[in-house]
Amino acid sequence: MLKKTVAAAAVALIAAQTLPVLAADVKQVEVMHWWTSGGEAKALGVLKDDLKQRGYSWKDSPIAGGGGEAARTVLRARVASNNPPDAMQMLGFSVQDYADEGLLTNLDAIAAKGGWDKLIPAPIQRFSRAGGNWFAVPVGVHSTNWLFINKKIFDELKLTPPQTFDELVVTADKIRKAGYIPLAHGGQAWQDATLFDSAVMSAGGTRFYTDALVRLDPKALGSKTMEKAFDQMRKLRGMVDANFSGRDWNLASSMVINGKAAMQIMGDWAKGEYANAGKKPGVDYVCAHYPGTQNAFIFVTDQFATFKAGKERTAGQYAFAEAIMDKNTQARFNQTKGAVPARLDTPMDGFDECGVKAMTDMRSALQAGNMVGSFAHGQAMPEASKTAVYDVVTHFFNSSQSSADAVKRLVAAVEGSK
Ligand code: GAL
């Protein structure tokens with residue numbers, strides 16, 4: 001008797017938990033992401049509106065933490081308990097990894113209907129597809145090698161954007177002497193790694209960056225040029241304030257916006273923070289490239305992958321994918337987010353001067369065949385190697401280790417991760 005009651009109660013409980021949810025689920029798409037800063041949230045609003053117009057509500061599952069480490073951890077737990085969201089923001093090799101496990105919805109039908117093959121640049125498709133099939137929908141393309149400058153401070157001190165790394169060092173010195181913080185930085189592993197993207201590019205150029213961080217060639221990793229990249233990291237460390245540890249990237253952006261600090265090295269999602277604060281490029285701030293990377297394009301492409309679900313929920317995922325790829329939606333989203341639309345046919349009108357610069361940069365990098373993926377954001381090397389290199393970079397940044405020792409450790413860490 002008791003057994004029966006317990007069993008009945010369990011059935012009732014399961015029914016209560018699952019049935020109403022399933023019924024409501026069908027017209028709703030749950031989207032997990034890490035876009036929680038002011039600018040990011042505003043940009044996300046554009047995608048939400050589009051989905052709504054397609055008859056679906058957006059169930060928002062934000063997991064705070066720039067760069068997405070925390071969100072990826074939560075995702076893994078949800079996948080392990082067989083409860084993934086309908087859609088998840090993903091970078092780089094993650095799409096391939098989840099596709100290989102057979103967990104993602106195949107988007108080939110929608111991609112064919114929308115002509116994605118022709119609209120999306122090949123280096124971006126490389127991260128949307130696995131085994132030739134589409135498993136993710138790309139929304140925008142950021143690049144990491146930017147130097148954001150507070151124009152008022154630079155004007156006051158009669159400074160111009162540094163063109164070489166040595167000039168950056170001299171500029172930072174002048175800024176420090178005038179009582180400002182030269183470089184706004186947040187000491188989190190992914191932000192240190194974002195600096196490293198630029199330092200490696202600046203020290204050795206696109207070919208070297210590719211050999212070291214994409215091809216993981218031990219010779220490049222262990223070279224004198226790599227030592228120079230670490231030398232730059234050491235100098236950058238000297239430009240930050242005493243409270244940099246653990247600071248979120250958008251708070252670092254605020255320091256430049258509010259005139260406490262003069263510069264920030266960050267991906268161009270920082271532009272979203274400026275726009276959100278009502279700041280104008282060329283007037284309040286300048287978007288320059290990290291010195292020595294003026295002709296480089298180190299990309300990060302934000303994509304959304306959808307997890308396999310029943311037929312009814314797949315319809316919602318398709319609507320979601322179409323919303324993301326809508327031409328107007330992509331334009332408006334990226335104008336707010338500070339990224340370049342993934343669709344190549346998006347017109348430049350409506351983008352501010354930094355946006356036009358980024359779009360022009362991407363197009364010429366694409367033509368020259370030198371768009372390279374960001375190590376910091378998982379687009380250069382597989383996850384295991386990325387984690388190993390993160391450790392080396394962050395350890396170096398937070399210690400007094402020599403560049404020569406860091407390089408040795410780098411070679412060993414990469415070797416051990418393969
Ligand atoms: C990156 C992402 C960007 C931006 C940034 C900070 O990983 O690609 O879109 O949001 O994190 O959160």
Side-chain angles (χ1 to χ4, degrees), residues 31-47 60-75 87-95 123-124 126-128 136-146 148 184-198 246-254 256-257 264-276 287 297-305 324 330 332-342 354-355 358 362 371-381 383 386-387 390:
V31 186
M32 196 187 244
H33 61 87
W34 60 91
W35 284 336
T36 56
S37 79
E40 290 173 332
K42 197 163 175 195
L44 200 66
V46 176
L47 305 182
D60 205 37
S61 292
I63 310 287
E69 204 63 49
R72 284 187 288 276
T73 306
V74 173
L75 178 70
M88 168 73 188
Q89 180 186 354
M90 277 193 198
L91 298 176
F93 289 86
S94 301
V95 175
I124 304 302
R126 147 102 181 71
F127 292 105
S128 327
V137 50
V139 60
V141 189
H142 280 295
S143 41
T144 58
N145 51 313
W146 291 93
F148 293 96
H185 179 65
Q188 296 173 344
W190 76 270
Q191 292 189 60
D192 301 343
T194 301
L195 301 183
F196 194 63
D197 271 2
S198 284
R247 176 187 290 137
D248 286 332
W249 70 272
N250 52 319
L251 298 182
S253 301
S254 296
V256 180
I257 292 172
Q264 183 185 19
I265 296 157
M266 188 40 67
D268 48 8
W269 45 88
K271 277 189 308 193
E273 297 308 296
Y274 287 91
N276 198 37
C287 47
F297 194 87
I298 310 176
F299 74 85
V300 181
T301 169
D302 283 304
Q303 315 227 356
F304 284 94
I324 301 283
Q330 274 219 357
R332 286 195 303 124
F333 169 85
N334 287 296
Q335 283 159 12
T336 317
K337 182 71 165 63
V340 174
C354 295
M362 184 176 95
M371 265 177 86
V372 286
S374 156
F375 140 70
H377 296 267
Q379 326 253 170
M381 60 185 80
E383 189 69 21
K386 185 192 101 174
T387 310
Y390 260 44

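Just so you know, ligand 1 is whichever comes first in the structure, and atom 1 is the first atom listed for that ligand.
Under the salt bridge (Lys or Arg N to Asp or Glu O under 4.0 Å) criterion, R247 pairs with D241, not counting sequence neighbours. Residues that satisfy the side chain to side chain contact (heavy atoms under 4.5 Å, CB included) test with D248, not counting sequence neighbours, are Q188, N250, L251. Shown here are the side chain to side chain contact (heavy atoms under 4.5 Å, CB included) partners of A275, two or more places apart in sequence or in another chain: there are none.
The aromatic rings of W190 and H377 lie perpendicular to each other, with more than 60° between the two planes, well past the 30° mark.
Residues Y274 and W146 place their aromatic rings such that the two centres sit no closer than 6.0 Å.
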Show me the short polar-atom pairs for ligand 1: any N or O of it lying under 3.5 Å from a protein N or O, with distances only.
{"from": "ligand 1", "atom 1": "7 (O)", "to": "H377", "atom 2": "ND1", "distance (Å)": "3.2"}
{"from": "ligand 1", "atom 1": "8 (O)", "to": "D302", "atom 2": "OD1", "distance (Å)": "2.8"}
{"from": "ligand 1", "atom 1": "8 (O)", "to": "D302", "atom 2": "OD2", "distance (Å)": "3.1"}
{"from": "ligand 1", "atom 1": "9 (O)", "to": "W35", "atom 2": "NE1", "distance (Å)": "3.1"}
{"from": "ligand 1", "atom 1": "9 (O)", "to": "D302", "atom 2": "OD2", "distance (Å)": "2.5"}
{"from": "ligand 1", "atom 1": "9 (O)", "to": "K337", "atom 2": "NZ", "distance (Å)": "2.7"}
{"from": "ligand 1", "atom 1": "10 (O)", "to": "W35", "atom 2": "NE1", "distance (Å)": "2.9"}
{"from": "ligand 1", "atom 1": "10 (O)", "to": "E40", "atom 2": "OE2", "distance (Å)": "2.4"}
{"from": "ligand 1", "atom 1": "10 (O)", "to": "K337", "atom 2": "NZ", "distance (Å)": "3.4"}
{"from": "ligand 1", "atom 1": "11 (O)", "to": "W34", "atom 2": "NE1", "distance (Å)": "3.2"}
{"from": "ligand 1", "atom 1": "11 (O)", "to": "G67", "atom 2": "N", "distance (Å)": "3.3"}
{"from": "ligand 1", "atom 1": "12 (O)", "to": "E40", "atom 2": "OE2", "distance (Å)": "2.7"}
{"from": "ligand 1", "atom 1": "12 (O)", "to": "G67", "atom 2": "N", "distance (Å)": "3.4"}

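Side chain of Q330 to backbone of I324: a donor-acceptor contact under 3.5 angstrom is found.
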